[in-house]
Amino acid sequence: DAGITQSPRYKITETGRQVTLMCHQTWSHSYMFWYRQDLGHGLRLIYYSAAADITDKGEVPDGYVVSRSKTENFPLTLESATRSQTSVYFCASSEWQGNEAFFGQGTRLTVV
Amino acid sequence: KQEVTQIPAALSVPEGENLVLNCSFTDSAIYNLQWFRQDPGKGLTSLLLIQSSQREQTSGRLNASLDKSSGRSTLYIAASQPGDSATYLCAVRPDSSASKIIFGSGTRLSIRP
């Protein structure tokens, strides 16, 4: 099916562990984004990418790493998870900067 | 730094009413503005996209307007229905960095049957 999919949908991990959230889009959109959504803070941009092998930091990048070796995939890695990274994570994509952005269904991550 | 504000944070109206949701942004140099809907526990669904050169966009009972010079956008919902209950978010793409999308905090809308 065409679209943008995130996996897993739910994840519980322990403090200090590395965890990777996956994002895959089937449209070959150039732009991809990672956001986290928290009560009281709304949606905050973690990292974004304008094309394969081009990534840049957003508003809250500390503790996160991204890569984009293929246009369709944009994984987000928490190198050493902390409780403050408990959140709902959303991936998004758009064809180019003037187009609509489309969002995945989100990954609810709990760090215990 | 671009900031996006949505007021009110929550709104409750009876079914059938026409209503307006507001979005304001501090820097008028935007590439476009997009309205989204988010249901509880779900992702964001795109409703309308307005390019900076446009004044409004319509989709069914929804109409979004854009006034760049005043830094404002409104989302008009006609003949509201209980199924319209959700959180509505607006987001802008700044001219200075169109690779980014900056969100407001949303308006939580409740339509009473």
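Proximity to chain B (any heavy atom under 4.5 Å) is shown, for A:A101, by both the backbone and the side chain. Interface remark: A:Q6 contributes no atoms to any contact with chain B (heavy atom separation under 4.5 Å). Within the 4.5 angstrom heavy-atom criterion, no atom of A:S30 approaches chain B. Contact annotation for B:L48: neither backbone nor side-chain heavy atoms come within less than 4.5 Å of a heavy atom of chain A. Heavy-atom distances place the side chain of A:L45, and not its backbone, under 4.5 Å from chain B. Neither the backbone nor the side chain of B:Q6 has a heavy atom closer than 4.5 Å to any heavy atom of chain A.
At least one cation-pi condition fails for A:R68 and A:Y47: the charged atom is not both under 6.0 angstrom from the six-membered ring centre and inside a 45 degree cone around its axis.
Note: A:W27 and A:H29 have parallel aromatic rings, judged against thresholds of 30 and 60 degrees for the angle between ring planes.
For the pair B:V13/B:I111, a side-chain contact is recorded, criterion being any heavy-atom separation below 4.5 Å from C-beta on. For the pair A:E72 and A:T26, the minimum side-chain heavy-atom distance is 4.5 Å or more. Two residues are said to be in side-chain contact when any heavy atoms from C-beta on lie closer than 4.5 Å; A:V19 and A:V111 fail this criterion.
Between chain A and the options B:T45, B:I102, B:L89, B:N32, the largest number of non-hydrogen pairs under 4.5 Å is found for B:N32. Most heavy-atom pairs under 4.5 Å with chain B: of the set A:A50, A:A92, A:S94, this distinction falls to A:S94.
Ion pairing of B:K100 with A:D56 is absent here, as no side-chain N (NZ or NE/NH1/NH2) approaches a carboxylate O to less than 4.0 Å.
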